Colleague: 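Here it is, the structure in full.
Since we're looking at a predicted model, the values are computed, not measured. Here is the naming used below: chain letters follow the sequence lines, and residue numbers restart at 1 for every chain.
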Amino acid sequence: MNQLEKVRFAPSPTGHLHIGGARTALFNYLEAKNKGGTFLLRIEDTDAARSTKESEDVIIEDLRWLGIDWNEGIEVGGDFGPYRCTERPDIYKKYLNDLLEEGKAYKCYCTAEETEAERESQRAKGEMPRYSGKCSNLTKEEIDAYEAEGREHTIRFRVPTDKDIVINDEVRGEVIFESNGVGDFIIAKADGTPVYNFAVAVDDHLMEVTTIIRGEEHLSNTPRQVLIYEAFGWETPKFAHVSLILGEDRSKMSKRHGSTHVDQYRNKGYLPEAIINFLALLGWSPEGEEEIFSLKELEEMFTLDRVSKNPAVFDIKKLNWINGQYIRASDLDYITKLSIPYLLEAGLINDQDVENRYDWIKLIVSATRGNLDYLSQITDHVGIFFNDEVEFEDDKARKVIDLNQEHVPLVLKSFKEKVEEADKIDLDFAKTVFKKVQKDTGVKGKNLFMTVRVALTGQCQGPEMPDIIQILGKEGIIKRIDTAINK
RNA sequence: GGCCCGUUGGUCAAGUGGUUAAGACACCGCCCUUUCACGGCGGCUUCAGGGGUUCGAACCCCCUACGGGUCACCA
């Protein structure tokens, strides 16, 4: 039981799920799945001031939307709960006390202002800001004096001197830190609540996490956590620090690089499958040459040893390509259902349409999905189907159906006739009508197709003609040709 | 600034001492399509720099440069 792989994702609920966080969650999930282990979701809400329930809900929703499920933790339960830091105060208190009693931690009566001032002056002198250790050896009298004053205290971890802290990182190899470079750090705030570095170590140990996969920004925190493990005599877990996701300018991805939150991509109409696929390829690479993978396939292929050490630039163009692949290859009903909200929002269709003309909407999606990077773009391509008053895109289009050209009225009249005569405007009709018109009028080629295209859509480019014809239907076509002729 | 991590084409990257240095996105060209897109084919461009080690270095070692992370009573 114990030797089974157990990983965890422990977001702090202080905002939306970041694209980098999503990737961390993904890697954890994949590692667990690949090894047949456990994936645990814990909420790291030690910072009460910044944590919100809304944020927790959003993060969970995004994870679920992506298809990243966990089998222990928040919402699903397990034997090692509770899974929110704020619900574990007694646990932390106990371990804090143990450390205090053994002298491995001590009470520090310095105020936040004092330590801040100390740091400032160190920085000014070009020194590394680090706690001086002022309270590390207070006498009983000094402590009593502070207490009498009513001073609050934090708890600091007593960092051993001259000690190498060796971290065996699954992706980076051996990383060594010197304990002398780590000042006595705070493990409990003045209000008695634990600080992140302490809480994670305790939680990860108690929850029997075997491998900690997280972002590289945590690498320099790791020695502190290792120190805590060692102070308790606990076995340290394995670590795997995944490099960061960068913006185009190679700095850490942030708002100014564009969308950074999973829900922003969801809102634009990126498919969860595509985001998963893209994220997996960012910092990890499969063995073959294939690039399109389902979650299931990734679960089978993923191993930590193929995670790359170097940071990756977020390339929206590649995401777009992957997303386009999924938009084209996925089941049409699925894509249609996901597209409908954008059509509704644009006021192009209403709820009745969705109910009564679903197949028609499906046709529209089918005709345009080939052009899309993401679903919300569909509204840019479907205008021609919703505007009975054909508007000419440009002079070029206008020229195409200039009535003074002999073939234009000829083609239009014949085409309209055929449409009027047809009892059903279906795919069969749409495919054969041009041949008939050609026979009737003797017009062929561009003069035939472009004339009809522009008359119906006002544009020189767009979906396939058979699609357009079916979507417009008898009435729509006749109306458009009439206005074209009368112009 | 200290500590730590990193550096293969514009981007993601394979590669672990001997390779014509994969593949994908992007870009360019051609084809398909009587339109656009999709799709197909082809092309362009890479081992940060300098020293070693070695018969031989993208791969091993050192230095430099550059980029990033972290040094909170944030996580």
Colleague: Report which part of the nucleic acid A:Glu113 touches: base, sugar-phosphate, or nothing (heavy-atom distance under 4.0 Å, all strands).
Modeller: nothing
Colleague: For A:Phe185, does the six-membered ring have the charged nitrogen or CZ of A:Arg224 within the cation-pi criterion, i.e. under 6.0 angstrom from the centroid and within 45° of the normal?
Modeller: yes
Colleague: What pairs of nitrogen or oxygen atoms, one from the protein and one from nucleotides 43-46 of chain B, lie under 3.5 Å apart?
Modeller:
none

Colleague: Among residues at least two apart in sequence or on other chains, which ones pass side chain to side chain contact (heavy atoms under 4.5 Å, CB included) with A:Lys396?
Modeller: A:Asp394, A:Cys460
Colleague: Using a strict heavy-atom distance below 4.0 Å, which residues from residues 454-462 of chain A are in contact with RNA chain B?
Modeller: A:Cys460, A:Gln461, A:Gly462
Colleague: State whether the side chain of A:Asp169 and the backbone N or O of A:His241 hold a donor-acceptor pair below 3.5 Å, judged by distance alone.
Modeller: yes
Colleague: Taking only nitrogen or oxygen atoms into account, show me every contact under 3.5 Å that the protein makes with nucleotides 57-63 of chain B, one pair per line with its distance.
Modeller:
none

Colleague: Identify whether the distance between the nearest side-chain nitrogen and carboxylate oxygen of A:Arg151 and A:Glu114 falls below 4.0 Å.
Modeller: yes
Colleague: With no hydrogens and no angle check, is any side-chain donor or acceptor of A:Lys107 less than 3.5 Å from a backbone partner on A:Ile155?
Modeller: no
Colleague: So, the side chain of A:Asp184 versus the backbone of A:Val159: is there a donor-acceptor pair under 3.5 Å, distance only?
Modeller: yes
Colleague: With sequence neighbours left out, what residues match A:Ile91 under side chain to side chain contact (heavy atoms under 4.5 Å, CB included)?
Modeller: A:Arg88, A:Tyr95, A:Val202, A:Leu206
Colleague: So if I take residues 152-175 of chain A and measure heavy-atom distances to RNA chain B, which residues fall below 4.0 Å?
Modeller: A:Thr154, A:Arg172, A:Val175
Colleague: Do the side chain of A:Ser51 and the main chain of A:Asp47 share a donor and acceptor less than 3.5 angstrom apart?
Modeller: yes
Colleague: Please work out if A:Cys85 contacts a base, only the sugar-phosphate, or nothing of the nucleic acid, heavy-atom cut-off 4.0 Å.
Modeller: nothing
Colleague: Are A:Arg224 and B:C3 close enough that a side-chain N or O sits under 4.0 Å from OP1 or OP2?
Modeller: no
Colleague: Side-chain donor or acceptor of A:Asp315 under 3.5 Å from a matching atom on the base of B:A26?
Modeller: no
Colleague: Compute both the distance and the angle, then confirm whether A:Arg328 meets the cation-pi test with A:Tyr326: under 6.0 Å from the six-membered ring centre, within 45 degrees of the axis.
Modeller: no
Colleague: Report which part of the nucleic acid A:His241 touches: base, sugar-phosphate, or nothing (heavy-atom distance under 4.0 Å, all strands).
Modeller: nothing
Colleague: NA contact type, A:Thr111, heavy-atom cut-off 4.0 Å: base, sugar-phosphate, or nothing?
Modeller: base
Colleague: At less than 4.0 Å, is any side-chain N or O atom of A:Lys189 found next to OP1 or OP2 of B:A75? Yes or no.
Modeller: yes
Colleague: Would you find a donor on one side and an acceptor on the other, under 3.5 Å apart, between the side chain of A:Gln377 and the backbone of A:Tyr374?
Modeller: yes
